[in-house]
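Structure first, commentary second.
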Amino acid sequence: MADGAGRPAAPFFAEVACGPAAAHWIAAADGVRLRAVHWHGPQTPKEPVKGTVLILTGRTEYAEKYGRIAADLVARGFGCATLDWRGQGLSDRAHDDAMRGHVDSFAEYQDDLDALIAHVDALGLPGPYHMLAHSMGGCIGLRALLRGAPFATACFTAPMWGVLMRPTLRVAAWGLSSASRLVGLSHLPSPGRSATLEDAAEAAEANMLTRDVESFDWVRRQVEAHPELGLAAPSLHWLHEALHETRALSRLASPDLPCLTLLGDEEWVVDSKRIGDRMARWPGSEFEVIAGGRHELLIEDAATRGARIDRITAHFARQAGS
């Protein structure tokens, strides 16, 4: 089936996502099929819709994981849209092993984002556009801002502006990921990373991504109900591309755009030092380190999540002049 504009409908698992959304298949410039999802703002708002938030998700993530966050944003007067990046969620998988996280080049993620922006434009969702980018989505989002993507404001939560690893392991990771390309083994999983969905869940639980057990279990139940949403270890090639892109971004000046970045002081996934370095040279930006915060700053209990969403949407409204 398709909507009135001929956009083919895509699945969306509302029963595990805290409410319905509209999902469509869209295509990147190279023909890769992507799933785009959007949530409307209030149909009869008491005040004008304040714009549309484009959620740029992290590695392994998918639209349903953001159902509660999208509901919070809609309740505060914003439209909301996201997509599954190539290689994850219901978008085309980039590796023969569907559970292996892989991308040929991080530049391809920019093609995906361009396709989402064009889709949101075609839907007529209201501007201005605000970016909410998490983890790997923060890496993609920063590159997008530097190339002039049409966002009025941006918020990053635990952005992947550096991959956290010990200095000795970083040297080994560069060497191994580079050598694997030369000998045709870059499809293999990255060392020290979970190789199966079960291992990934155990590792996430042991390392405590969130302080809220219910929220963590809610996300885990989504993948148990719909295993096709899941993703396990990244490939060595993905690791090489991530290291290359984050290093390249670290050498560039910050974009001229209002930015809020939130980081937990118990972060263990991304490089907190790189984030601090970036924010120290982003004029006019706001940087908040959250005591007791972990990597999943918005996958928390309703009160904690709501307070952080209030902080984010106040930034969007203030900077956009709403």
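Quantities reported herein were computed from a predicted structural model and do not represent experimental measurements.
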> Tell me, do T313 and C155 make a side-chain contact under 4.5 Å, heavy atoms counted?
Replying inline: no
>> Using only atom types and a distance under 3.5 Å, with no angle test, would you say the side chain of D271 pairs donor to acceptor with the backbone of V163?
In response: no
> Do T261 and W161 come within less than 4.5 Å of each other through their side chains, counting heavy atoms only?
Replying inline: yes
>> Checking the side chain of H237 only, and the main-chain atoms of D104 only, is there a donor and an acceptor separated by less than 3.5 Å?
In response: yes
>> For G19 versus F12, what's the shortest heavy-atom pair and its separation?
In response: O-CE2, 3.4 Å
> Given R93 and R100, is the side chain to side chain contact (heavy atoms under 4.5 Å, CB included) satisfied, shown in steps?
Replying inline: CA-CA 9 Å; R93 299 287 173 119; R100 184 73 45 78; over 6 Å; no
>> Using a 3.5 Å distance criterion without hydrogens, assess whether the side chain of E288 forms a donor-acceptor pair with backbone atoms of I290.
In response: no
>> Any donor-acceptor pair under 3.5 Å linking the side-chain atoms of Y62 with those of Q222?
In response: yes
> Quick one: are L298 and L132 in side-chain contact, heavy atoms under 4.5 Å?
Replying inline: yes
> Going by the angle between their ring planes, with limits at 30° and 60°, are F106 and Y109 parallel, tilted or perpendicular?
Replying inline: perpendicular
> Do the side chain of H119 and the main chain of A27 share a donor and acceptor less than 3.5 angstrom apart?
Replying inline: no
>> Is it the case that the side chains of S215 and E300 hold a donor-acceptor pair, with the cut-off being a distance below 3.5 Å and no angle test?
In response: no
> Which pair of non-hydrogen atoms, one from I26 and one from A36, has the smallest distance, and what is that distance?
Replying inline: CD1-CB, 3.8 Å
>> On a heavy-atom basis, which atom in W218 and which in V16 lie closest, and how many Å separate them?
In response: NE1-O, 3.4 Å
> Could you state the interatomic distance from CD (E245) to NE2 (H240), rounded to the nearest 0.5 Å?
Replying inline: 12.0 Å
> Is a side-chain donor or acceptor of R76 paired with a backbone partner of D72 at a separation under 3.5 angstrom?
Replying inline: yes
>> Test your reading of the model: is there a side-chain donor-acceptor pair from S235 to the backbone of H102, 3.5 Å cut-off?
In response: no
> Is a side-chain donor or acceptor of Q88 paired with a backbone partner of G58 at a separation under 3.5 angstrom?
Replying inline: yes
> Any Lys/Arg nitrogen of R68 or E214 sitting under 4.0 Å from an Asp/Glu carboxylate oxygen of the other?
Replying inline: yes
> Which pair of heavy atoms, one from P159 and one from G138, lies closest together, and at what distance?
Replying inline: CB-CA, 4.0 Å
>> Quick one about H295 and S135 (side-chain donor to acceptor, distance below 3.5 Å, no hydrogens or angles considered), yes or no?
In response: yes
> Any sub-3.5 Å donor-acceptor pair from T210's side-chain atoms to F216's backbone N or O?
Replying inline: no
> In this structure, which one of K273, R274, R281 forms a salt bridge (Lys or Arg N to Asp or Glu O under 4.0 Å) with D277?
Replying inline: K273
> What's the shortest heavy-atom distance between A23 and V37, and which atoms?
Replying inline: CB-CG2, 3.8 Å
> Among R33, R59, R35, which residue meets the salt bridge (Lys or Arg N to Asp or Glu O under 4.0 Å) test with D84?
Replying inline: R35
>> Would you say that E267 contacts I275 through its side chain, given a criterion of any heavy-atom pair below 4.5 Å between the two side chains?
In response: no
> Can you tell if the side chain of L125 reaches within under 4.5 Å of the side chain of H38, non-hydrogen atoms only?
Replying inline: yes
> Considering the options L83, L54, D112, which one meets the side-chain contact (heavy atoms from CB on, under 4.5 Å) requirement together with I117?
Replying inline: L54
> Hey, does M136 have a side-chain heavy atom less than 4.5 Å from the side chain of W85?
Replying inline: yes
>> What I want to find out is whether R211 reaches D301 closely enough, with some N-O distance under 4.0 Å, to be called a salt bridge.
In response: no
> Any side-chain heavy-atom pair from W268 and L209 closer than 4.5 angstrom?
Replying inline: yes
> For Y129, which of T52, D121, T153 qualifies under side chain to side chain donor-acceptor pair (under 3.5 Å)?
Replying inline: D121
> Taking atom types as modelled, is there a side-chain donor on R147 or Q110 under 3.5 Å from an acceptor on the other?
Replying inline: yes
> Are P11 and W25 close enough that some pair of their side-chain heavy atoms sits under 4.5 Å apart?
Replying inline: yes
> Between H130 (side chain) and K50 (backbone), is there a donor-acceptor pair under 3.5 Å?
Replying inline: yes
